[in-house]
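Below is one structure, written out as structure tokens; comments come after it.
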Amino acid sequence: MPTYIVLLGPPGAGKGTQAEILAKKTDLAHVSSGDLFRENLKNQTDLGKLAQSYMHKGELVPDDVTINMIRERISRADCEAGAILDGFPRTPAQADALEIMLKGFKGEVNLVPYITAAEETLVERTSGRWTCRAHGHIYHEKFNPPKQSGICDVDGSEVYQRDDDKVETVTKRIRVYLDQTMPLVAYYRKAGKLAEIDGTQAVEQVTKELLSALKK
Ligand code: AMP
């Protein structure tokens with residue numbers, strides 16, 4: 001049976017960083033809805049053009065568009081063994097759609113690590129975050145700068161600050177998260193799938209706790 005892990009948490013909690021590490025350690029595909037939207041934006045596809053205005057304002061892209069994009073992504077061969085879902089679902093409607101989708105693959109959401117951090121930490125982390133243009137590798141100007149300024153350690157591409165990582169938009173994204181995504185915490189807790197993890201700890205410690213939650 002495939003394994004599906006849903007990473008929940010506000011922007012800046014460390015979902016992207018942990019998803020990348022976890023994908024390597026578990027051999028599961030890393031499916032990031034934000035990365036998929038950014039890729040479409042870069043390639044100026046119809047989907048990218050549609051998502052653009054929402055993303056720039058820090059709002060959520062409509063559910064139907066997002067759900068279709070994820071359905072297509074997790075149907076691909078590299079998700080046969082399952083996936084680490086980073087940034088999806090973000091609304092109750094998306095969580096319902098995911099459940100139906102996964103039934104189609106004879107699977108279900110197995111674990112929902114919920115990575116938390118205080119709001120000032122989230123703003124500090126996101127507003128100092130730099131992202132690699134080619135593959136979305138993540139850096140922080142203060143806490144985790146690339147070895148060579150402006151260049152990704154992994155693939156040598158340019159690192160840049162996402163438009164929506166500017167302070168004003170980050171604050172909006174956190175508000176959107178509290179309004180629209182927080183209900184999922186209760187939803188997955190009730191289902192007995194939630195594993196709460198303190199995202200203010202060192203990256204290695206968060207990974208350790210994630211892996212131990214996975215073993216259980
Ligand atoms: P992220 O990289 O996860 O912070 O996502 C960046 C932006 O992409 C969000 O602020 C939304 O505009 C959009 N986005 C990503 N995932 C979703 C989702 N599951 N539902 C709706 N919009 C999303």
Side-chain angles (χ1 to χ4, degrees), residues 4-20 22-23 30-43 45 47-74 83-102 109 112-117 119 121-140 159-185 187-188 199:
Y4 298 97
I5 301 167
V6 167
L7 288 180
L8 262 192
K15 293 191 302 295
T17 302
Q18 293 298 335
E20 215 178 293
L22 220 54
H30 173 195
V31 173
S32 155
S33 46
D35 282 354
L36 289 170
F37 281 130
R38 279 184 288 280
E39 203 177 295
N40 276 281
L41 202 72
K42 190 166 78 180
N43 297 330
T45 65
L47 175 62
K49 287 181 197 156
L50 191 151
Q52 186 162 20
S53 59
Y54 297 97
M55 294 174 77
H56 283 176
K57 283 187 280 187
E59 292 171 2
L60 295 186
V61 179
D63 281 337
D64 55 340
V65 176
T66 308
I67 290 164
N68 285 336
M69 175 180 78
I70 293 292
R71 185 183 297 113
E72 188 281 321
R73 177 66 189 87
I74 63 175
I84 294 166
L85 298 170
D86 161 16
F88 181 92
R90 251 182 168 91
T91 64
Q94 292 181 13
D96 290 341
L98 178 65
E99 207 167 303
I100 295 166
M101 249 183 252
L102 297 189
V109 172
V112 183
Y114 169 40
I115 310 180
T116 57
E119 185 160 343
T121 309
L122 302 175
V123 174
E124 190 185 24
R125 282 185 179 173
T126 33
S127 57
R129 174 160 70 185
W130 292 78
T131 304
C132 122
R133 232 347 123 225
H135 298 106
H137 298 114
I138 300 163
Y139 300 90
H140 190 281
V159 297
Y160 73 108
Q161 185 182 37
R162 281 167 46 180
D163 255 357
D164 62 347
D165 276 346
K166 310 232 158 93
V167 174
E168 319 76 70
T169 321
V170 165
T171 313
K172 171 77 185 287
R173 285 164 61 206
I174 294 172
R175 213 173 326 126
V176 166
Y177 162 81
L178 291 173
D179 285 348
Q180 305 195 48
T181 310
M182 267 310 265
L184 296 188
V185 172
Y187 175 90
Y188 286 119

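As a basis for the values below, the full set of heavy atoms in this structure was taken, side chains included, without hydrogen atoms, waters or symmetry mates. Just so you know, ligand 1 is whichever comes first in the structure, and atom 1 is the first atom listed for that ligand. These numbers come from a predicted model, not from an experiment.
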Before signing off on this row, confirm whether [X] and ligand 1 have an N or O atom pair separated by under 3.5 Å.
{"X": "R173", "value": "yes"}
{"X": "G58", "value": "no"}
{"X": "F88", "value": "no"}

For [atom], find the nearest protein heavy atom and state the residue, atom name and distance (0.1 Å precision).
{"atom": "atom 20 (N) of ligand 1", "value": "Q94 NE2, 2.9 Å"}
{"atom": "atom 22 (N) of ligand 1", "value": "V61 N, 3.0 Å"}
{"atom": "atom 5 (O) of ligand 1", "value": "R90 NH2, 3.4 Å"}
{"atom": "atom 23 (C) of ligand 1", "value": "F37 CE1, 3.6 Å"}

Of the non-hydrogen atoms in [X] and [Y], which two are nearest, and what is the gap between them?
{"X": "R125", "Y": "G199", "answer": "NH2-O, 2.6 Å"}
{"X": "Y187", "Y": "A95", "answer": "CE2-CB, 3.9 Å"}
{"X": "H30", "Y": "A19", "answer": "NE2-CB, 3.3 Å"}
{"X": "T169", "Y": "M55", "answer": "CG2-O, 4.4 Å"}

Can you check whether L36's main-chain N or O pairs, donor with acceptor, with N40's side chain at less than 3.5 Å?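 Here the side-chain-to-backbone pair exists.
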Under 3.5 Å, is there a donor-acceptor pair between the side chain of Q161 and the main chain of G128?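 Looks like no, no N/O pair under 3.5 Å.
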Proximal atoms of ligand 1 relative to [X] (non-hydrogen, under 4.0 Å):
{"X": "T66", "value": "18 (C), 19 (N), 20 (N), 21 (C)"}
{"X": "R38", "value": "2 (O), 6 (C)"}
{"X": "S33", "value": "15 (C), 16 (N), 17 (C), 19 (N)"}
{"X": "E59", "value": "11 (C), 12 (O)"}

Check this for me, if you would: do R173 and D165 make a salt bridge, where the nitrogen-to-carboxylate-oxygen distance has to be below 4.0 angstrom? yes
Measure the distances from the heavy atoms of K57 to every atom of ligand 1 and state whether one is below 4.0 angstrom.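 Heavy atoms of K57 never come under 4.0 Å of ligand 1.
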R162: heavy atom below 4.0 Å from ligand 1, yes or no? yes
Considering only heavy atoms, does D164 approach ligand 1 within less than 4.0 Å through its side chain, its backbone, both, or neither?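 D164 to ligand 1: side-chain contact only, backbone stays beyond 4.0 Å.
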Side chain, backbone, both or neither: L60 near ligand 1, heavy atoms under 4.0 Å: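 Answer for L60: both.
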Roughly how far, to the nearest 0.5 Å, is the OH atom of Y54 from the CG atom of D164? 15.5 Å
If you round to the nearest 0.5 Å, how far is CG of N68 from CG of L47?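 It is 9.5 Å, given to the nearest 0.5 Å.
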Residue H56 excluded, over 12 heavy atoms near NE2 under 6.0 Å: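 Above 12, so yes.
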